[in-house]
> 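Quick one: the structure is below, and I'll ask about it shortly.
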Amino acid sequence: MRATFVALLFLCVGAAQTRAEDVREDARADSVQSDGKRRNAEESGVTDESRRQRKEQNKTRNKERGQVERRADAPNAQTLGRDQSGIYVNAPATNSAYSPSFVMRGFPAGVTLFDGASHGFTAQDVDLSTVDHVEFYKGPSAMLFGKALGGYGGAADYIRKAPTPETFARAVATKASFDVTRFTPDVNTPLNDDKSLLFRMTGSAQSLGSFVDFTRTRSFDIAPMLAFTADNGDHISLRAEHNGARLVWRDGVPADPVFLHIPREFYAGLPANEHETPFFDDLTLRYEHAFNADWKVAAVVDYFLYASRWGWFTGWGYDGFQSVVFGNPVRARTANRSFDAQLRLNGRFDTGFLSHTVFLGLEHWDFYFGYNNDVARYEAAPLNIFFPVYSPGVSYAGAFWSNGVARAISRSVYGQDLIDLNENWRILIGGRYDLLAQRERVFDPFGALTGEPTSSLSKGVKGYISPRAGILYRPNEETQFFAAYGKSLIPNTGVRIQSGEAPPPQQDTQYELGFRREFLDRKMSFEVGLFDITRDNVAIPNPANPSGFYSVVTGQQHSHGVEVNLGGEILPNLKINAAATFLHALVSKDDNFPSQQGSDLLGAPRRVYVFSANYTFDSGDLKGLELGASYYYASRLEATLPNTYGFTLAPQQMLGATLAYSFNDNLKLELNAANLTNRPNWTSNGALFHGEPTTIAATLICKY
């Protein structure tokens, strides 16, 4: 297969994103996409056609997009991503306002995108109440703004609710199992008569219980946004968001078979030490100017600040007999700050019979992370799993302490040329250069975390080239074939090397082939893709430092597989979606832990099948009624890394149902049921997590 890829890639010298049909012209997701590999967004009333029309259909697309933006409900956290091939949610499905994190093509997604832009190379929690819909980019299509953020596994792009010219006020109220209560307001209004200045504010307030003892969350979010369009067409937007929460963290349970048989409500931690108070603030400024119909420039500046106070333990695990052990309690204060500025020029021009769609971009990214730990002088008493007695408090009198900071600065230039050879063939060439500077300081005078007194400083500067290339063949409007190649760069920020050296960044290499066919008057589509990804410089714990505080960057991971998608409107008012993933993701190299080599990665089931159907009555006595059903299956998962013979987690199966009724244009009631068969649906990320039992949620949507 690789020989086939290489033969095709000789046609495409250089680097760039592939699968790109044209440069997206909407400001909310300024990325390169492909008609040949379109990805469905989370079902929020968004149609495939409204997200992926070619440029000559921009007028229609923008109209449809405006209709999408006016929705008040948010994507469903329990189902988000589960209807996509190649995507797995390695965590329990929970009914909350927060998006889960995703494993894409076998690798954890390491970045969060907002309207096509990122906060550097970092990930963050996302309050879905501010989100219109979510688009998933995998493989080469994960490259937004000219780089493969988060690596070639993929990335989730959260398209946020933006101001519109109309005036409205809407509210969504949800009441669900396990004491879930949520309220989501959404207010939009023009601020002047000609509607050139628009304002919108979204947010949420929620209280979440859990089937696990002690676990609870209270949070709120507020996100105002201003958008101004000048007489000359220049567009400026300013968006702010503040999110705060108080919670008791759910630890999961240690990865041992005995915990598969304990009561699902068992809490394997010390609640007195695990109260968390995270918050974040985000500010985004975007400016766009069109020189003419073919050329435009866009600038995006984003400042993101996150801080939290939380508790953990130096030796959490299982004693092999009857108790959870903790080691020393630790109270941590952490903060990170990300500043990202990008300037991008998009254009179109012809050279003879060739048509070029190009962009050239500059980026400056500055990321800072700091932490301070107080380490209790005593080990916490073990917790008997059969007769648990939880300590009412934790003392940090005379505690040891340690702290550290890490900083990464990237200055980058990137470019891309999408060349139309004729109506049937197009190729893409381009690339990116990153000058990456890293610096980290560790200070642990008592050796409480590192095992020995430590004061170290590491720094380094190095340049990296990330090439990309692709080719697309379209024999007709309904059929497309593509081949792709690319490399990516992800800094190992916050990874501590005991030698004091700056860690090399993680780098991915991917090859991909794909096919897409539309039928039934383009109302249905079928897609199949084959991919092969190698991830180098994976950070793993240093075996010479049992505390796990230090790492070594020598590992390699490999993933290959097939994705299949079938979906659309098979009959009037009846929409279906079916997806299948066949995947093998494993540790392909590990010089420090030879026992891990050949082990399947956590959160990477070899087979995933998804099916959903939705029918809407648009006439007769049942007009306004919507019925939906879904089924999700994921094959057995490994529970530990390295894999333990005979210790796997049973296949996941989730059956869901939806019933909704629109009383009129202003009032709608929805009932959602998840995991109707009450399966345990265990997941593992090093700790085990029991899936959420059967849940019922009622949501009332009001608009004025």
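When reading the values below, keep in mind they use all heavy atoms of this one structure, side chains included, and skip hydrogens, waters and symmetry mates. Along the sequence shown, residues carry numbers from 1.
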> Between the side chains of D340 and Q342, is a donor N or O closer than 3.5 angstrom to an acceptor N or O?
yes

> Can you tell me if CE on M225 sees more than 12 non-hydrogen neighbours from other groups inside 6.0 Å?
yes

> Looking at every non-hydrogen atom in both residues, tell me the closest pair between W310 and S308 and how far apart they are.
CD1-OG, 3.9 Å

> For residues S466 and K487, is any side-chain donor paired with an opposing acceptor at under 3.5 Å?
no

> Mind checking whether S338 and Y306 have side chains closer than 4.5 Å, heavy atoms only?
no

> Excluding sequence neighbours, so at least two apart, what forms side chain to side chain donor-acceptor pair (under 3.5 Å) with S101?
none

> Measure across L128 and P75 and return the closest heavy-atom pair with its distance rounded to 0.1 Å.
CD1-O, 3.6 Å

> Treating D127 as the side-chain partner and S129 as the backbone partner, does any N or O pair qualify as donor plus acceptor under 3.5 Å?
yes

> If every non-hydrogen atom of M104 is compared with every non-hydrogen atom of A156, which pair is closest and at what distance?
CE-N, 3.8 Å

> Got a salt bridge between D302 and R286, using NZ or NE/NH1/NH2 to carboxylate O under 4.0 Å?
no

> Any non-hydrogen side-chain atom of N273 less than 4.5 Å from a side-chain atom of Y396?
yes

> Can you tell me if R432 and S412 form a side-chain donor-acceptor pair at under 3.5 Å?
yes

> Distance check, rounded to the nearest 0.5 Å: R250 atom CZ versus T215 atom OG1?
6.5 Å

> Hydrogens and angles aside, do S456 and T454 bring a side-chain donor and acceptor to less than 3.5 Å of each other?
no

> If I compare all heavy atoms of A227 with all of H235, which pair ends up nearest, and what's the gap?
CB-CE1, 4.0 Å

> Are D221 and Y98 close enough that a side-chain donor and a side-chain acceptor fall under 3.5 Å?
no

> Salt bridge check, D374 against R331: does any charged N sit closer than 4.0 Å to a carboxylate O?
no

> Using side-chain heavy atoms (C-beta onward) and a distance below 4.5 Å, is N90 in contact with F689?
no

> Can you name the salt bridge (charged side-chain N to carboxylate O under 4.0 Å, His left out) partners of R337, sequence neighbours left out?
D366

> Any salt bridge linking R160 with D282? Criterion: basic side-chain nitrogen under 4.0 Å from a carboxylate oxygen.
yes

> Output all residues satisfying side chain to side chain donor-acceptor pair (under 3.5 Å) with E692, sequence neighbours left out; order by chain, then residue number.
Q78

> Would you call the rings of F136 and F102 parallel, tilted or perpendicular, where under 30° means parallel and over 60° means perpendicular?
perpendicular

> Verify the neighbour count for atom CG of L283: are there more than 12 heavy atoms of other residues, nucleotides or ligands below 6.0 Å?
yes

> With distance as the sole test, does N188 use its side chain to make a donor-acceptor pair with the main-chain N or O of T164 at under 3.5 Å?
yes

> Do the ring planes of F359 and Y414 sit parallel (below 30°), tilted (30 to 60°) or perpendicular (above 60°)?
perpendicular

> Does Y303 reach the side chain of D281, with side-chain heavy atoms less than 4.5 Å apart?
no

> More than 12 heavy atoms of other residues, nucleotides or ligands under 6.0 Å from CH2 of W401: is that the case?
yes

> Would you say that T202 contacts T184 through its side chain, given a criterion of any heavy-atom pair below 4.5 Å between the two side chains?
no

> Answer with yes or no whether the side chains of R535 and Q557 bring together a donor and an acceptor at under 3.5 Å.
no

> What do you reckon, is CZ of R411 surrounded by more than 12 foreign heavy atoms closer than 6.0 Å?
no

> Using a 4.5 Å cut-off on heavy atoms from C-beta on, say whether the side chain of F304 contacts that of N336.
yes

> At their closest point, which heavy atom of N685 faces which heavy atom of L602, and how far apart are they?
C-CD1, 3.6 Å

> Supply the atom-to-atom distance R309 CZ to H275 NE2, rounded to the nearest 0.5 angstrom.
12.0 Å

> Quick check: do S99 and V134 have side-chain heavy atoms less than 4.5 Å from each other?
no

> What I'd like to find out is whether the side chain of F369 reaches to under 4.5 Å of the side chain of E440, using heavy atoms alone.
no

> With side-chain contact (heavy atoms from CB on, under 4.5 Å) as the test, pick out the partner of L197 among L191, T229, I236.
L191

